[in-house]
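In this text the structure is predicted, and so the values were computed from the model without any measurement. Sequence positions, counted from 1, serve as the residue numbers for this chain.
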Amino acid sequence: IMVVEGWLPDYALEKAIADFQDGYYKSLITTGGPLLKGSHLTKYKTYAELTASTLINIGFDVNKLVVIPTPEVHRDRTYASAIEVKKWLNNSGMKIEALDIYSLGSHSRRSWLLFQYVFTPDIEVGIVSLNNRSYDSKRWWKTSSGVRTVLNEAIAYIYAKFFFIPY
């Protein structure tokens with residue numbers, strides 16, 4: 001299965017659809033917690049729902065789509081999403097051997113690590129790291145967006161790898 005983090009930009013969702021249509025995946029799961037901005041203006045209350053609607057709007061097959069909202073948490077949001085995906089898999093009766101997470105840039109390594117905490121050794125976890133177009137990944141230090149993103153993700157990865165205790 002393909003797991004798409006709900007906060008991804010539209011260009012990343014288009015890439016996920018293109019990859020899905022290559023025929024390797026059976027289901028696409030969207031994850032994500034409550035919208036923090038704009039929830040009063042839309043009928044969608046979570047990133048998972050908003051992303052699912054976006055995917056359908058750009059042509060994705062609704063019959064292959066699973067929406068798994070993540071409850072509101074104040075930390076470890078990606079880990080909470082992985083837990084919700086595992087709960088859904090256990091309740092669905094679907095047996096899988098592997099899943100791939102679609103994430104963005106430097107956040108990808110942490111998503112991969114946190115999903116591994118939840119799924120290994122039973123399910124192989126892969127990662128597809130899509131390019132973050134908000135800065136040049138080869139020269140990330142030349143823009144404030146690149147510096148903020150890469151340094152924040154590096155610190156968050158160190159936390160997840162060395163200090164986080166899976167629950």
Report the C-alpha distance between Phe115 and Thr120 in whole Å, list the side-chain angles of each, state the deciding distance to 0.1 Å, and finish with yes or no for side-chain contact (heavy atoms from CB on, under 4.5 Å).
CA-CA 8 Å; Phe115 269 77; Thr120 56; over 6 Å; no
Measure the shortest side-chain to side-chain distance between [X] and [Y] over non-hydrogen atoms and say whether it is less than 4.5 angstrom.
| X | Y | value |
| --- | --- | --- |
| Asn131 | Tyr11 | no |
| Met2 | Ile29 | no |
| Asp19 | Tyr102 | yes |
| Thr78 | His107 | yes |
| Val66 | Trp88 | yes |
| Leu113 | Lys161 | yes |
| Met94 | Ser27 | yes |

Would the distance check show the side chain of [X] and the main-chain N or O of [Y] forming a donor-acceptor pair, the cut-off being under 3.5 Å?
| X | Y | answer |
| --- | --- | --- |
| Ser108 | Gly105 | yes |
| Asn91 | Lys87 | yes |
| Lys45 | Thr42 | yes |
| Lys86 | Phe119 | no |
| Trp112 | Val125 | yes |
| Thr149 | Ser145 | yes |
| Tyr117 | Ala160 | yes |
| Ser81 | Thr31 | no |

Output, in order, the C-alpha distance, side-chain angles, deciding distance and verdict of side-chain hydrogen bond (donor to acceptor under 3.5 Å, both in side chains) for Glu5 and Ser103.
CA-CA 6 Å; Glu5 294 189 301; Ser103 191; 2.5 Å; yes
Checking side-chain contact (heavy atoms from CB on, under 4.5 Å) for the pair Tyr25/Ile1: CA distance, chi angles, key distance, verdict?
CA-CA 5 Å; Tyr25 300 101; Ile1 61 173; 5.6 Å; no
[atom2] on [Y] to [atom1] on [X], rounded to 0.5 Å:
| X | Y | atom1 | atom2 | result |
| --- | --- | --- | --- | --- |
| Gln116 | Ser111 | CD | OG | 11.0 Å |
| Leu114 | Tyr157 | CG | OH | 9.5 Å |
| Leu35 | Glu49 | CG | CD | 8.0 Å |
| Leu13 | Leu55 | CG | CG | 5.0 Å |
| Leu36 | Thr46 | CG | OG1 | 11.0 Å |
| Leu28 | Leu65 | CG | CG | 6.0 Å |

Between Tyr79 and Tyr167 (judged by ring centroids, cut-off 6.0 Å), do the two rings come close enough to count as a pair?
yes
Is there a side-chain contact (heavy atoms from CB on, under 4.5 Å) between Trp7 and Thr51? Walk through the geometry before answering.
CA-CA 8 Å; Trp7 54 268; Thr51 297; over 6 Å; no
Using the rule that two of Ile, Leu, Val, Met, Phe, Trp, Tyr join whenever any of their side-chain heavy atoms come within less than 4.5 Å, decide whether [X] and [Y] are in one cluster.
| X | Y | result |
| --- | --- | --- |
| Ile58 | Leu8 | yes |
| Val4 | Leu89 | no |
| Val147 | Ile155 | no |
| Ile83 | Ile96 | yes |
| Phe20 | Ile127 | no |

Would Ile101 and Leu99 count as a side-chain contact (heavy atoms from CB on, under 4.5 Å) if you check the C-alpha gap in whole Å, the side-chain angles of each, and the deciding distance to 0.1 Å?
CA-CA 7 Å; Ile101 307 146; Leu99 63 83; 3.8 Å; yes
Counting only heavy atoms not in Arg110 (residues, nucleotides, ligands), do more than 12 fall under 6.0 Å from its CZ?
yes
For a quick test of reading the model, state the closest non-hydrogen atom pair linking Glu84 to Pro69 and the distance between them.
CG-O, 4.0 Å
Looking at Ser53 and Tyr44, what are the two nearest heavy atoms and their distance?
OG-OH, 2.7 Å
Will you find, in the side chains of Tyr24 and Asp100, an N or O donor that is under 3.5 Å from an N or O acceptor?
no
